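Bear in mind that the values here come from a model prediction, so they are computed numbers and not experimental data. For reference, positions follow the sequence shown, starting with 1.
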Amino acid sequence: ARWRDAAPSPRAQRVLSAAGGALREAAWAWQTHAYVVWPPAARLLAQERIHSPVDVYVSCFAEEKRIAALVADPPVAEQWNPYADGDVVHSSLETTPLASFA
């Protein structure tokens with residue numbers, strides 16, 4: 001993840017404080033694979049058409065400060081085989097510039 005340098009939003013700060021240092025706010029996160037989505041963020045995300053890999057989609061919203069992306073540090077989940085023969089295009093393997101996903 002690329003960590004956010006600016007101060008977190010008040011809502012993110014409350015969660016970060018309660019987590020006791022186990023979470024950090026990210027400005028961009030890639031190869032994400034385990035999510036906890038609060039209802040307000042879920043409603044916001046559901047209003048948009050998903051047109052990119054989920055990690056890019058969520059990171060665009062975090063970069064624009066439309067949602068807070070709080071990341072466990074150290075990670076609490078790991079993908080077993082992220083590059084298996086699935087039908088999902090992985091953003092780390094995508095040859096299209098990421099700007100085209102936004």
Side-chain angles (χ1 to χ4, degrees):
R2 180 169 47 89
W3 306 117
R4 183 167 306 287
D5 293 329
S9 69
R11 179 176 288 169
Q13 184 59 52
R14 285 193 302 271
V15 175
L16 291 169
S17 295
L23 298 175
R24 294 180 68 185
E25 186 172 16
W28 193 274
W30 50 87
Q31 292 187 330
T32 51
H33 43 271
Y35 297 91
V36 175
V37 181
W38 268 261
R43 286 190 291 274
L44 176 67
L45 293 167
Q47 292 173 4
E48 304 287 330
R49 183 176 74 85
I50 296 176
H51 59 280
S52 66
V54 173
D55 55 344
V56 175
Y57 188 72
V58 170
S59 290
C60 286
F61 275 72
E63 180 74 16
E64 296 166 357
K65 296 184 179 180
R66 295 174 69 186
I67 63 170
L70 305 179
V71 178
D73 185 28
V76 295
E78 184 177 320
Q79 287 179 322
W80 175 68
N81 190 358
Y83 301 109
D85 295 327
D87 61 354
V88 176
V89 177
H90 295 276
S91 57
S92 60
L93 301 176
E94 179 60 44
T95 57
T96 306
L98 291 179
S100 67
F101 289 123

Contacts of Arg2 meeting side chain to side chain contact (heavy atoms under 4.5 Å, CB included) (sequence neighbours excluded), chain-then-number -> Ala27, Trp28, Trp30, Glu63
With sequence neighbours left out, the residues meeting side chain to side chain contact (heavy atoms under 4.5 Å, CB included) with Arg49 are His51
Same cluster or not: Leu44 versus Tyr57, using hydrophobic residues (I, L, V, M, F, W, Y) connected whenever any side-chain heavy atoms lie under 4.5 Å apart? yes
*Do other residues, nucleotides or ligands put more than 12 heavy atoms under 6.0 Å from the CH2 atom of Trp3?*
yes
* Pairwise side-chain contact, Pro40 with Arg43, heavy-atom cut-off 4.5 Å (strictly under) -> yes
Can you give me every donor-acceptor pair (side chain of residues 65-76, partner residue at least two apart or in another chain, under 3.5 Å) with its distance?
from: Arg66; atom 1: NH2; to: Glu48; atom 2: OE2; distance (Å): 3.4

